[in-house]
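Protein chains get the first letters and strands the later ones, always in sequence-line order, with residue 1 at the start of each.
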Number of protein chains: 2
Amino acid sequence: MAETSGGLGIRERTRRAVRAELLTVAMDLFADKGYDATTIDEIVAAAGMSRSSFFRYFTCKEDIVLGHLQAIGQTLADALARRPADEDEWTALRRAFDDVLLAYHARDPQHALALRHMLESNPVLLAGNLEKQCRWHDQLIPHITPRLAPAPADSDTDARATAVIGAALACLEAANRAWRATNGQASLDKILDDVMRAVRPGAF
Amino acid sequence: MAETSGGLGIRERTRRAVRAELLTVAMDLFADKGYDATTIDEIVAAAGMSRSSFFRYFTCKEDIVLGHLQAIGQTLADALARRPADEDEWTALRRAFDDVLLAYHARDPQHALALRHMLESNPVLLAGNLEKQCRWHDQLIPHITPRLAPAPADSDTDARATAVIGAALACLEAANRAWRATNGQASLDKILDDVMRAVRPGAF
DNA sequence: ATCGAGTATGGTACTGAGTGCCATGTCGGG
DNA sequence: CCCGACATGGCACTCAGTACCATACTCGAT
C-alpha cells in the first residue's frame with residue numbers, strides 16, 4: 001500500500017519510535033546516575049510504561065547500551081565485500097573500519113564518547129561489548145580467508161582468519177580507548193593507523 | 001610460628017581447602033547439567049554448606065569458572081620480564097604464552113578442554129573471559145612499550161602497546177578455539193605459531 | 001458499521017543472583 | 001580459662017529476567 005514513511009508499516013514505525021524513546025530516556029538516566037544505579041523500574045517510570053513492555057523492546061538492560069553493536073558486524077561485512085579482491089586482509093580491514101567510524105563516530109562524536117565512557121567504567125558492559133565483537137567473526141571470516149597468504153601445509157585457515165580479525169578488532173578497541181582518553185580530541189583515524197601499523201609493521 | 005605446610009597458617013590452609021572443595025563440586029555439577037541450569041543453592045547443597053558461606057569464597061557464580069584467569073596476567077608479566085630486553089615484542093609475547101600453556105594446558109589438558117567447552121557454549125562466560133583478559137593489559141604494557149619501534153612523531157605509545165597486546169591475546173584466543181575444535185588433538189603450540197605468523201607475516 | 005484476528009499493553013507471580021546484617025559458634029593465642 | 005578474631009548460617013531484601021494471563025487497541029474484511 002501507500003507507505004508514507006520509509007516503506008514501513010505503521011506498526012513497525014510506532015514500534016521503532018517507542019524503542020527510540022525508551023532508549024533516550026534510559027541513556028539520560030544512565031548519564032545522570034550511572035548504569036548500575038539505574039533500575040529498570042526507574043526507566044519505565046520515566047518513560048511512562050510498564051516493566052513488561054520494556055522487555056518487549058529490549059532483551060535485557062545491557063541491550064539498551066549495546067544493542068546497536070550487532071548491526072556493526074553487518075556493516076563491516078558489507079564494507080569488506082566492497083574492497084578489491086586482491087587487497088591484503090589487513091588493509092581491507094583498516095578500510096572497512098573507515099565505514100564504521102564514518103557511520104558511528106563521525107555522525108555523533110558526543111554520543112560515541114559518552115558510550116565509550118560508560119563502557120570503560122562498567123566491567124559488565126565492557127564484557128558484553130567484547131562478546132558482541134566475537135559475534136562479528138563469523139560474518140567476516142568468509143571475506144578474510146581468501147585474502148590470506150597460502151596456508152603453510154597443515155595449518156588451519158579458519159584459525160588464521162579468526163586471529164587476524166580478532167587482532168584487527170583489538171586494534172579498533174585500543175584506538176577507541178586512546179581516543180576516548182583524549183576526550184575525542186585526537187584523530188581516531190590516525191590512532192587507528194598507528195596501532196595497526198604497530199601490530200603489522202610496514203602495513204598500508 | 002612453626003608453619004608445617006607451605007608457610008601458611010592453618011586458617012589460610014583450611015580456607016583454600018574449602019574453596020577447592022567447593023570448586024570441584026561446582027564444576028562437576030556444571031559438567032553434568034550445564035552452567036546456567038545449575039543454581040548456587042544446588043552447589044552449596046551438594047557441598048554441604050550455606051549460601052552465605054559460598055559468597056565468602058567466590059565473589060559470584062562466574063568466579064567459579066573464571067577465577068583462575070586473574071593469575072594468568074601475573075604469569076604473563078613474569079614471563080615477559082624474563083625475556084631478553086632486545087627481543088621484539090611479538091616474539092616475547094609468543095614465548096610468554098609458552099609459560100601459560102605449560103602451566104595450564106600441558107598440566108591438565110582434559111580440564112583445559114572442559115573449561116574451553118563451557119566457555120564457548122555460554123555467552124556470559126565468554127564475555128567474562130574476554131573482560132578478564134583486558135585486565136591483563138595494564139600488567140603487560142610496561143614490558144611491551146620498551147620493545148616497540150620508535151614512536152612515529154606524535155603517536156601514542158600506550159595505544160600501540162595496548163593494541164599489540166590485544167592482538168596477541170586475540171591470537172591466543174583463536175588458537176585455543178581451534179585447538180578445542182580438534183578436541184585437543186592438534187598441537188596448540190603449532191596453531192599459535194601459525195596464527196601469530198598470520199597476523200604478523202615473517203615473525204619469529 | 002461490525003466482527004474477528006493479530007498485536008500491544010499491564011499486571012501478577014515466580015526464580016535466581018547478589019547484598020547486608022546479625023546472632024551464634026569455633027578456634028587460636030595469651 | 002578467657003578473649004578476640006574469624007567462620008558460619010540464617011534472614012530479609014533488591015533487582016534482573018521469565019512466564020502467563022487478561023485486557024485493550026487497530027486494522028482489514030465482510
Please report the C-alpha distance between Asn129(B) and Glu131(A) in whole Å, then the side-chain angles of each, then the deciding distance to 0.1 Å, and finally whether the side chain to side chain donor-acceptor pair (under 3.5 Å) criterion is met. CA-CA 9 Å; Asn129(B) 173 43; Glu131(A) 192 250 325; over 6 Å; no

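Rounded to an integer number of Å, the gap from CG of Leu29(B) to P of dG16(C) is 14 Å. Straight-line distance from the CG atom of Asp63(A) to the C1' atom of dG17(D): 13 Å, rounded to whole Å. Tyr35(A) places its OH atom 14 Å from the P atom of dC15(D), with the value rounded to the nearest Å. Atom-to-atom, CG of Asp36(B) to P of dG16(C) comes out at 12 Å; the value is rounded to the nearest Å. Atom CD of Glu42(B) and atom P of dG16(C) are 8 Å apart (whole Å).
Each end of the helix from dA1(C)-dT30(D) to dG30(C)-dC1(D) gets its own axis from five base pairs, and the two axes differ in direction by 0°, given to 10 degrees.
One finds the OG atom of Ser187(B) at 10.5 Å from the CH2 atom of Trp179(B) (value rounded to the nearest 0.5 Å). A distance of 13.5 Å separates CZ of Arg180(A) from CG of Leu188(A), quoted to the nearest 0.5 Å.
Under a cut-off of 6.0 angstrom, the local environment of NE2 in His68(B) is crowded, with over 12 non-hydrogen atoms contributed by other residues, nucleotides or ligands.
Arg135(B) places none of its side-chain heavy atoms less than 4.5 Å from the side chain of Gln70(B).
With a 6.0 Å cutoff to the six-membered ring centre and a 45° limit on the axis angle, Arg15(B) counts as a cation-pi contact of Tyr57(B). Judged by a 6.0 Å distance limit and a 45° cone about the ring axis, Lys61(A) is positioned over the six-membered ring of Tyr35(A).
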Where along nucleotides 7-14 of chain C does protein come under 4.0 Å, by heavy atom, of base (B) or sugar-phosphate alone (S), with - for untouched nucleotides? --BBBB--

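Remark: Phe58(B) engages Phe54(B) in a ring-ring contact (aromatic ring centres under 6.0 Å, His included) (not counting sequence neighbours).
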